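Note sheet for the following structure.
All of these numbers come straight from a predicted model, not from anything done at the bench. All residue numbers refer to positions in the sequence shown, counting from 1. Values below: every heavy atom of this structure, side chains too, minus hydrogens, waters and symmetry copies.
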Amino acid sequence: MEHLNAPFDLGAVTKLFIETSTSSTVGTKYFSVRTGTRILIVDDEPLFRRSLGDALIDRITNVAVMSATNGREALKILESTRVNLVISDVRMPEMDGIEFLAALTKTAFWCPVILVTAHGNEKLRCRAEDLGAVGLFEKPVDFEVLFTAIERSLHDDIAGSLQGISLAGLTQLVAMERKSCTLRIKSQEGEGVLGFSDGTLADASFENLRGEEAARFIFRCTDPLVSVLPTPPGEWTIGRPLEHVLLESARMRDEETRKMVALPDEASERMSDHKSHVEIEAVSGAKLAAQEEIGMSNISESLNTAMEMEGAVAVALVDWESGLTLGTAGGGEHFDINVAASGNTQVVRAKMEVMKTLGVKGAIEDILITLEEQYHLIRPLAKSGALFLYLSIDKKRGNLGLARHKLKQIEKDLKV
């Protein structure tokens with residue numbers, strides 16, 4: 001990387017901020033943010049940090065401003081403190097802004113970053129964009145343009161990183177909330193992105209893959225680290241619904257895990273005759289598709305049976321490892337079963353981790369969550385350790401004991 005630690009003209013850098021702080025517009029509140037919003041200023045010049053910090057506090061209601069003298073110090077702050085936006089200089093000692101941004105993309109606490117520099121060029125701009133910077137401004141900074149970028153970044157509710165939720169669960173939430181954003185995915189298999197426009201999965205890329213093929217591969221990645229960027233996708237390469245891509249990814253992951261499915265006699269004879277591996281894979285795929293169709297029908301029937309219980313509000317079958325909701329029934333305007341099902345994957349995951357840490361043996365029969373007006377009952381399936389039934393029942397109309405008995409019976413009849 002080009003060395004970026006040369007000194008710059010402090011007077012030119014701070015001129016605009018000093019003029020603004022003494023102008024007639026001091027005290028004007030440009031916009032408000034939610035309480036607890038933090039902006040981190042990273043710059044080795046104390047006067048710049050103070051001038052920009054004063055301007056931010058003067059113009060934004062509820063904001064808290066923090067500061068660091070270089071990228072290394074900023075990373076330490078981010079390890080322990082949730083920050084909503086970083087405004088960083090490029091040229092700094094120890095760790096400059098580009099090195100800081102590159103290091104930040106490898107962490108689990110990504111947040112939007114705006115870079116400022118007195119020595120901008122096209123190469124630097126391209127490098128900043130590649131690393132995910134939401135803006136690059138040359139000093140002296142146009143104050144109003146900078147604040148427009150700050151407001152856009154702070155008001156994007158999903159910008160940042162999310163932890164404790166699966167990729168499948170996160171994408172379903174993005175779809176339900178009709179958000180426009182880009183999810184940056186990093187895993188041991190490589191790096192890629194998923195682009196959403198108004199909640200619709202529009203674009204995907206992973207290494208040399210593009211479109212739906214890339215999306216299916218991303219959903220099969222191992223322990224992905226997800227960063228949420230406020231920028232929407234530029235192109236549309238995917239034409240099918242998110243649910244279809246998720247189900248197809250789950251089927252392919254299952255096929256990869258098994259490696260080899262039991263083939264019908266006709267296929268076995270073809271194998272003995274040394275027919276092509278591609279032909280046998282086609283037979284296996286057809287069999288899996290048929291099994292999947294039967295399985296989905298059985299899931300729907302089982303969930304409808306659960307809804308016949310007195311007081312049943314909603315029910316779902318969920319994969320707590322992937323976050324994928326395999327089927328739902330019930331719910332409505334006042335109870336979003338998809339959000340509830342996705343959120344409760346964290347409950348099951350946390351309980352499993354606690355049991356593992358404590359060395360508790362045996363399976364979980366069920367988990368009960370008692371609310372003021374409802375019971376939420378979670379029953380992990382003994383026949384499939386990654387799945388659980390999730391049932392919500394009205395306390396006044398339903399019977400908890402009967403619900404437990406019914407779920408146990410439904411589990412026996414469920415074919416997954």
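Closest non-hydrogen pair, A306 versus A312, comes out as O-CB, 3.7 Å. Considering all non-hydrogen atoms of both residues, G330 and I337 come closest at O-CG2, 4.1 Å. Shown here for A214 and F206, the closest heavy-atom pair between the two residues is CB-N, 3.6 Å. In this structure, A204 and L194 approach most closely via the heavy-atom pair CB-CD2, 3.7 Å. Residues V193 and I218 come closest through the heavy atom pair O-CD1, 3.6 Å. For the pair L391 and A403, the tightest heavy-atom approach, listed with the atom from each and the gap, is CD2-CB, 4.1 Å.
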Residues I185, V226; criterion side-chain contact (heavy atoms from CB on, under 4.5 Å); working and verdict: CA-CA 5 Å; I185 315 299; V226 185; 4.0 Å; yes
Do F137 and V145 pass the side-chain contact (heavy atoms from CB on, under 4.5 Å) test, and can you show the C-alpha distance, the side-chain angles, and the key distance before you say yes or no? CA-CA 9 Å; F137 296 90; V145 174; 3.4 Å; yes
Derivation of the side-chain contact (heavy atoms from CB on, under 4.5 Å) call for E45 and T69: CA-CA 7 Å; E45 288 293 340; T69 59; over 6 Å; no
Check against side-chain contact (heavy atoms from CB on, under 4.5 Å), Q374 and V313: CA-CA 9 Å; Q374 294 178 349; V313 176; 4.1 Å; yes
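Distance check, rounded to the nearest 0.5 Å: OG of S88 to CG of L104 gives 10.0 Å. One distance of note links NZ of K356 with NZ of K351; it measures 15.5 Å at 0.5 Å rounding. Atom CZ in R72 sits 11.0 Å away from atom CE in M92 (nearest 0.5 Å). For the atom pair D96 CG and L101 CG, the distance stands at 10.0 Å (nearest 0.5 Å). Here N70 contributes atom CG and L75 contributes atom CG; the two are 9.0 Å apart, rounded to the nearest 0.5 Å. Atoms CD and CG, from E243 and L326 in turn, are 12.5 Å apart once rounded to the nearest 0.5 Å.
Other residues, nucleotides and ligands contribute only 12 or fewer heavy atoms inside 6.0 Å of the NZ atom of K408. Environment of NE2 in H405: sparse, with no more than 12 heavy atoms of neighbouring residues, nucleotides or ligands closer than 6.0 Å.
For the pair V245/F219, a side-chain contact is recorded, criterion being any heavy-atom separation below 4.5 Å from C-beta on. In this structure, the side chains of T171 and L242 come closer than 4.5 Å at one or more pairs of heavy atoms. In this structure, the side chains of M66 and I39 stay at 4.5 Å or more apart for every pair of heavy atoms. N399 places none of its side-chain heavy atoms less than 4.5 Å from the side chain of Y375. Residues L389 and L381 have side chains in contact (heavy-atom distance under 4.5 Å, counting atoms from C-beta outward). Using a 4.5 Å heavy-atom cutoff, the side chains of I77 and L40 are in contact. Taking 4.5 Å as the limit, every side-chain heavy atom of L407 sits out of range of all side-chain heavy atoms of E411. For the pair T117/L124, a side-chain contact is recorded, criterion being any heavy-atom separation below 4.5 Å from C-beta on.
Between D43 and K139 there is a salt bridge, since at least one side-chain N of the basic residue sits less than 4.0 Å from a carboxylate O of the acidic one. A salt bridge links R216 with E212: the closest approach of a Lys/Arg side-chain nitrogen to an acidic carboxylate oxygen falls below 4.0 angstrom. Ion pair D44/R49 not flagged as a salt bridge, since none of the NZ, NE, NH1 or NH2 atoms sits closer than 4.0 Å to an Asp/Glu carboxylate oxygen.
In this structure a side-chain-to-backbone donor-acceptor pair under 3.5 Å is missing from D58 to D54. Proximity of a side-chain donor or acceptor of E151 to a complementary backbone N or O of T148 within less than 3.5 Å is not detected. For the pair K395 (side chain) and L371 (backbone), a donor-acceptor distance under 3.5 Å is present. Under the 3.5 Å distance criterion, the side-chain polar atoms of D394 are matched with a main-chain donor or acceptor of R397. Remark: side-chain polar atoms of S180 are paired, donor with acceptor, to backbone N or O of D198 under 3.5 angstrom. Judged by distance alone, with hydrogens and angles left aside, the side-chain atoms of T200 form no donor-acceptor pair with the main-chain N or O of A202 at under 3.5 Å. Within the 3.5 Å criterion, the main-chain N or O of L78 finds no donor-acceptor partner in the side chain of T81. With hydrogens and angles disregarded, no donor-acceptor distance shorter than 3.5 Å links the side chain of E207 to the backbone of G190.
Taking the ring centroids of F335 and H376, they lie under the 6.0 Å cut-off.
Side chain to side chain, T237 and D203 meet the donor-acceptor criterion of an N or O pair below 3.5 Å.
Each of V134, I150, I87, N84 was compared with P112 under the side-chain contact (heavy atoms from CB on, under 4.5 Å) criterion, and only V134 meets it. For the side-chain contact (heavy atoms from CB on, under 4.5 Å) test with I378, the passing option among L368, D366, I369, V318 is I369; the others fail.
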